[in-house]
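Some notes on the structure that comes next.
Side chains are part of it too, since the values below use all heavy atoms of this structure and drop only hydrogens, waters and symmetry mates. Convention: sequence-line order gives letters A, B, ...; per-chain numbering from 1.
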Protein chains: 2
Amino acid sequence: MMMLMARAATTSDVFNAIAEPQRREILALLRTGERPVTELARELGMTQPGASKHLRVLREVGLVRDRRVGKQRLYGLDARGLRSVHEWTGGFERFWNESFDRLDAYVRELKQEGQEE
Amino acid sequence: MMMLMARAATTSDVFNAIAEPQRREILALLRTGERPVTELARELGMTQPGASKHLRVLREVGLVRDRRVGKQRLYGLDARGLRSVHEWTGGFERFWNESFDRLDAYVRELKQEGQEE
DNA sequence: TTGCCATATGCCAATATGGGTATATGATGA
DNA sequence: TCATCATATACCCATATTGGCATATGGCAA
């Protein structure tokens with residue numbers, strides 16, 4: 001078949017999940033507590049189906065969990081997955097702290113210390 | 001005109017820029033020093049045009065800078081933009097540190113302390 | 001069962017994206 | 001100016017995404 005493979009992984013990756021602004025809003029809002037889709041959609045000004053779709057993506061990557069309560073379904077935050085993103089960006093901390101002009105010098109130092117990253 | 005607007009912002013947002021695995025690889029590699037596109041492509045096993053395209057995205061969101069050296073163009077890291085991502089995810093830190101079972105209780109506490117997030 | 005409320009899906013339209021290959025553009029040195 | 005190396009673009013293809021709307025599904029209560 002040899003289908004041309006047009007793009008890499010996607011909605012199974014936390015980085016991608018939080019690349020969508022609205023999904024970030026959802027996560028931020030959920031910090032203040034669980035909510036049913038409807039309320040969430042209302043608070044963020046999106047349609048219910050739209051919110052449902054975003055929640056599905058978030059659920060698939062594990063950033064939210066849901067539990068039944070009567071005929072409602074409450075969505076809650078499970079931020080554990082954000083930790084990897086925090087750590088990944090943290091790996092660049094010294095670079096944004098270093099004065100930009102000193103960056104290259106710093107890099108040179110690193111290279112001498114231990115060869116091979 | 002009323003074009004249906006099928007998707008939100010995109011390649012002008014750091015979150016989106018780092019959603020691509022290969023772009024994250026590029027950033028990680030650049031921590032060890034500046035490089036011309038060709039070398040970068042070789043080290044990461046991608047074609048030169050492919051690497052150029054990713055670098056363009058990274059440059060547009062400000063995560064890399066480039067400078068001319070002879071007929072080469074060296075790309076270097078400018079991690080300052082990653083700081084916002086680090087901080088955003090950091091805003092969830094207490095949630096991934098809390099025992100999951102205690103989360104709801106914690107949220108309730110927050111709500112009582114200060115109304116309005 | 002039958003309604004009804006809450007939420008998830010299906011489908012379509014409009015775009016965004018990534019990758020590949022060929023080619024344009026830039027800069028340098030003879 | 002010309003040949004050449006380095007890098008960016010243009011185009012095309014296949015697929016991923018998002019949004020809107022209509023509709024299916026699920027769970028409850030009479």
For A:Pro36, answer base if it contacts any base atom (sugar-phosphate contacts may also be present), sugar-phosphate if it contacts only those atoms, and nothing otherwise; contact means non-hydrogen atoms under 4.0 Å. sugar-phosphate
Identify whether A:Leu63 and A:Leu74 are in the same connected component of the hydrophobic contact network (ILVMFWY, side-chain heavy atoms under 4.5 Å). no
A:Arg23 side chain: which of D:dA6, D:dT18, C:dT7 is closest? D:dT18
Grab the CG-P distance between B:Asn16 and C:dG18 for me, whole Å please. 7 Å
Scan A:Thr47 against the nucleic acid and name what it touches under 4.0 Å (heavy atoms): base, sugar-phosphate only, or nothing. sugar-phosphate
Taking the side chain of A:Pro49 as its heavy atoms from C-beta onward, which of D:dA22, C:dA6, C:dG18 lies nearest to it? D:dA22
Distance to the ring centre below 6.0 angstrom and angle to the axis at most 45 degrees; does that hold for A:Arg31 and B:Phe92? yes
Can you check the B:Glu20 CD to D:dA16 P distance for me, whole Å? 13 Å
Nucleotide C:dG18, atom P - distance to CD1 of B:Ile26 in whole Å: 11 Å
Please tell me whether A:Arg35 and A:Thr32 have a donor and an acceptor in their side chains that are separated by less than 3.5 angstrom. yes
In whole angstrom, give the distance that lies between atom CZ of B:Arg59 and atom C1' of D:dA8. 9 Å
Heavy-atom closest contact (A:Ala19 atom, B:Asn16 atom, distance): CB-CA, 3.9 Å
For A:Gly50 and for A:Val69, locate the closest nucleotide of DNA chain D by heavy-atom distance; then report the residue assigned to the nucleotide nearer the 5' terminus. A:Gly50
Qualifying residue, where the test is side chain to side chain donor-acceptor pair (under 3.5 Å) with A:His54 and the options are A:Glu25, A:Arg23, A:Arg59: A:Arg23
Nucleotide C:dA6, atom C1' - distance to OH of A:Tyr75 in whole Å: 11 Å
Integer-rounded Å distance: C:dA6 C1' and A:Glu39 CD: 13 Å
CD of A:Glu60 versus P of D:dA16: gap in Å, rounded? 13 Å
Return no unless some side-chain N or O of B:Gln22 is found under 4.0 Å from OP1 or OP2 of C:dG19. yes
Filter on side chain to side chain donor-acceptor pair (under 3.5 Å), then keep only pairs touching residues 68-77 of chain B, sequence neighbours left out; what's left? B:Asp66-B:Arg73
Indicate the ring-plane relationship of B:His86 and A:His86, choosing parallel, tilted or perpendicular according to the 30° and 60° boundaries. parallel
What is the per-nucleotide protein-contact pattern of nucleotides 25-30 of chain C, from the 5' end, where B denotes a base atom under 4.0 Å from a protein heavy atom, S denotes such proximity for sugar-phosphate atoms only, and - denotes neither? -SSS--
Quickly work out the A:Arg56 CZ to D:dT25 C1' distance and round it to whole Å. 14 Å
Winner on side-chain proximity to A:Lys53, out of D:dA6, C:dT9, C:dT21, is C:dT9
Is a donor-acceptor contact shorter than 3.5 angstrom present between the side chain of A:Gln48 and the base of C:dA6? no
